[in-house]
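We name chains A, B, ... by the order of the sequence lines, and we start the count at 1 in each one.
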Amino acid sequence: MSNEKCVLPMESYRLAQYSVQVPCYVCEGPNTFDAELCRHCQAPMALAHQANTQKVRPKMIAVVGSAGSGKTVYLGMLTDMLSRQEDGLQLLARGAFSITLQQNTVSALAHCRFPDKTPAEPDCWHWVHCQVRMPGRRQPVELIVPDMAGESVHAEIEHPHTYPVIRSFAEKCCGVIVLIDAARINDGDQDQDFFAMKLLSYLSELYGDNKKGREKRPLALMFTKADRCEECFDDPAGFAEKKAPGMWQHCRERFPNHRFFAAGVAGACATVAAFGEGDIVVPLRIEPRGIVEPFQWLLEQLKW
Amino acid sequence: MLIEQAIFTSARTGRRDGYQLVAASPGVTEEDARELAHWGPTHDSLLPSAVAAGSVNFHALPSGAFCASKTTASGAEYSGRRGKRIYTQCLVVPPDVLARFANNPFRLLEAAAASSTLTVHREIPRVLKPFQLVGRSSAVDWELLQRLCGELGPGPLAALVGAAVAGTNVGVTGHPRPERYFAGLINLFPIECRTELSFSTGLRHSQQRPFRQIALPSEPFARRRVVSQAKLAVLNLSDPPHLPSSGWIGLVFRVLTRHQFAVFCEVLGEPRPGLRLADLDPLAEQLRNRFDTFVSPRAGDATCEEEVPIAAATDSPEVGTDAPAGPLERAHAPHRRFAKDRRQADPPIDDCRPSPPSAQLDLQSDRLLERFRALDSVVFDALSGKAEALGQLAQLWPQLIDELDAELVNESREEYLRYALDAWLARARTADARDPQRAIAALDVLSVLFKDR
């Protein structure tokens, strides 16, 4: 007969884990250890768990724009392109959830359609946590980039604190990429200019007038769908000054570290009448242009 | 008082693009408008099972009013992307108006739809008009409860009540048409408590919309994901948990099992200002005597299991799965010495009468009450297939309606229609097969009652 000890943990001990709160990486609100989403801002708690295992805290980059400006397509295409590069800028996703955005975008484009609209509810957004290697830098940088819905950004701008996740993220991010629909601006639609002005005002209020560091935050302003107006590719800054003077002026005054870019994904688009869904815009071919440059410039402005 | 309205959908307006409060009537306050925008469902918010039927939603607003809304997948997304546009028409209802409809959002929305105010606008106007909604509804929708009892049984309905009383957020699954059981759920609470029950019959779960009760996706993986993300308690109507025999849940279970609807309707119709969900269990104990003294047509076939509370999702994703089985009551067969007496004492099937119309109508005089009571017996005999009773009915009914005003005639017809349906359902549950002769008898009776319409 053997005298082996058997250690059986008490059932009540399993509840002890709930006494330790895990702060959300974005808003730092307390959550239980098994929470999937932050109960304050609905950011995924996987970001906090992953960050806790790393020596260097991940940096955050905000990609914002009005509804329909192309955030989902841009981020999906960017992550797909960088994840396939063998030299130069390289991206490696962390966590399976970080690949969902890339997968959805590439799959949609492969089926000759654009990805579906991003829901406004933060718990439906796709987040990318990735490691980026740059030539000339010894250490890679950890980045977190969410695909936020344009309506939510607009709602937060008009009524601050409506979406705590946007506010917290914008406060903590080290760089911002603002997407502006070049096709609409070229058609004379001033809403994009007004949206950009509101966004820049919101960001400058958020960052305050501290001259010591805040205004040096890099700001990349990217004209999307520039394949529909080629002059945008030739001189993005000139295009901004001519077509979106309000935004151009705001950048000059409040964000000295800014730069304009132009990008496009679909070489040409067509409109298809789908039964029960109305007219749907579909890409006829995929020709990514100017996708990596804004991101690369932003990273070059960062110090790590 | 006027009902304000607002529309939340996806559009390109001068203010912004995408999902927004596109239009509102002038009386919607700024605070309520922001709350409506916060709760507003956006792209792909409808469960796949609700895309065709839409979703009925109900929640409170900061101003003290309530939002009863209908969400549908209607029209194309303006931006040229795939997926239907999610269109939500919100009615901002003052408490007084909702109280006229017994605090039942379903009845309110039915009335709004009937008055053509609940429509999907092809061209959404910038400013909507508030409107007045006439009508009212009774405290309890008899027909609905009867049908749900027949479809689901008393157990799942009582379990749904228990989930609502428990106070945790609950995801409900196990029925293809969740809007029906949510509509039934409302009828099982006192009127004053109903405004605490926020629910959505077809929207996906989101922390932006903390409804107390929602329908879960039918797909198992999606359902598990929602439950784990949202820490919902799950109630499976096809496998309800064991129910306590005390408290409001126990009372509801008894009422549904013993068909004590008449007393239940009377009890729910009594005003109790300030009553909250937390007060229901003590109220149930106070009311128990009233239900005990009511002689139900069929008793003793309900069993209340050992009490098992509805667990939160942190304890177990499924509710009540660990509860031991074991009835507390079991009707034993009588000793053979008394079997004959028992057979004589048991009410025969034909005497299993539902609550008579004379008890439901608001009759001002005793003479009218006596005449309606006599009519009740004649109608019931005619429903049982007795030809002479049908002849008597054909003589009595025209004489009676000559003395009544139009409103009471319509109300009487409605009650006798309900009576005929109740009798049919009661008989259908006890018999192995449904007798077509009974159906014909019921049609004959209704033909007499509705003859001059």
Side-chain angles (χ1 to χ4, degrees), chain A residues 15 18 32 34-42 44-45 65-69 72-73 108 111 113-124 149-155 157-159 162-163 181 184 189-192 194-195 198 269-282, chain B residues 8-22 30-31 33-46 51-52 73-86 122 169 203-210 224-232 312-315:
Chain A
L15 298 177
Y18 286 96
T32 56
D34 60 350
E36 194 171 325
L37 297 175
C38 173
R39 60 194 173 96
H40 305 282
C41 71
Q42 298 162 54
M45 288 302 294
S66 64
S69 57
T72 303
V73 173
H111 286 87
R113 57 178 177 87
F114 288 108
D116 289 349
K117 189 176 177 59
T118 304
E121 294 88 347
D123 47 12
C124 298
E151 293 101 323
S152 309
V153 173
H154 206 139
I157 291 170
E158 291 195 339
H159 300 285
T162 302
Y163 287 90
D181 190 331
R184 285 179 63 184
D189 185 351
Q190 294 299 309
D191 287 346
Q192 292 289 297
F194 289 129
F195 172 81
K198 286 183 189 176
C269 295
T271 303
V272 173
F275 179 73
E277 293 186 349
D279 293 341
I280 297 180
V281 177
V282 297
Chain B
F8 185 88
T9 188
S10 176
R12 175 167 284 165
T13 66
R15 298 189 311 277
R16 65 166 85 165
D17 299 339
Y19 280 92
Q20 57 187 296
L21 212 64
V22 175
E30 179 69 24
E31 206 177 14
R34 289 177 62 179
E35 191 74 1
L36 291 174
H38 187 80
W39 284 72
T42 65
H43 184 75
D44 197 28
S45 289
L46 278 172
V51 170
S74 161
E77 169 60 35
Y78 78 91
S79 60
R81 284 178 282 189
R82 274 192 358 159
K84 287 214 171 218
R85 181 186 65 168
I86 302 298
R122 189 168 285 187
N169 290 355
L203 291 180
R204 292 184 192 274
H205 173 266
S206 169
Q207 291 186 19
Q208 294 273 105
R209 300 185 291 267
R224 280 197 297 273
R225 185 166 179 267
V226 169
V227 170
S228 89
Q229 260 188 13
K231 305 290 187 198
L232 292 176
T314 50
D315 295 331

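- With a 4.5 Å cut-off on side-chain heavy atoms, A:D116 and B:H43 count as touching.
- Under the ring-ring contact (aromatic ring centres under 6.0 Å, His included) criterion, A:Y163 pairs with no residue, sequence neighbours left out.
- In this structure, the portion of B:E30 lying under 4.5 Å from any heavy atom of chain A is its side chain and not its backbone.
- Among all heavy-atom pairs drawn from B:T13 and A:D191, the shortest one is O-OD2, 4.0 Å.
- Closest of all the heavy-atom pairs between B:P41 and A:E121 is CA-OE2, 3.9 Å.
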Test side-chain contact (heavy atoms from CB on, under 4.5 Å) on A:E151 and B:T42; report intermediate values, then the result.
CA-CA 10 Å; A:E151 293 101 323; B:T42 65; 5.6 Å; no

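- Take B:D17 and apply the salt bridge (Lys or Arg N to Asp or Glu O under 4.0 Å) test, not counting sequence neighbours, and it matches A:R184, B:R12.
- One finds the CG atom of A:D279 at 15.0 Å from the CZ atom of B:R81 (value rounded to the nearest 0.5 Å).
- Of the atoms belonging to B:Q20, not a single heavy atom falls under 4.5 Å from chain A.
- Residue A:C38 comes nearest to B:Q207 through the heavy atom pair O-OE1, 3.5 Å, listed as atom of the first residue, atom of the second, then distance.
- In terms of heavy-atom pairs under 4.5 angstrom with chain B, the leader among A:S66, A:A108, A:G278, A:P119 is A:P119.
- Here the side chains of A:K117 and B:S10 are in contact, with some heavy-atom distance below 4.5 Å.
- With a threshold of 4.5 angstrom between heavy atoms, B:S74 does not approach chain A through any atom at all.
- Residue A:A120 touches chain B through both its backbone and its side chain, counting heavy-atom pairs closer than 4.5 Å.
- Taking chain A as the reference chain and counting heavy-atom pairs below 4.5 Å, the highest number among B:R82, B:E77, B:R15 is found for B:R82.
- Note on B:K84, B:R204, B:Q208, B:R85: by heavy-atom pairs under 4.5 Å with chain A, the leading option is B:Q208.
- If you check the side chains of A:E36 and B:Q229, you find a donor sitting under 3.5 Å from an acceptor.
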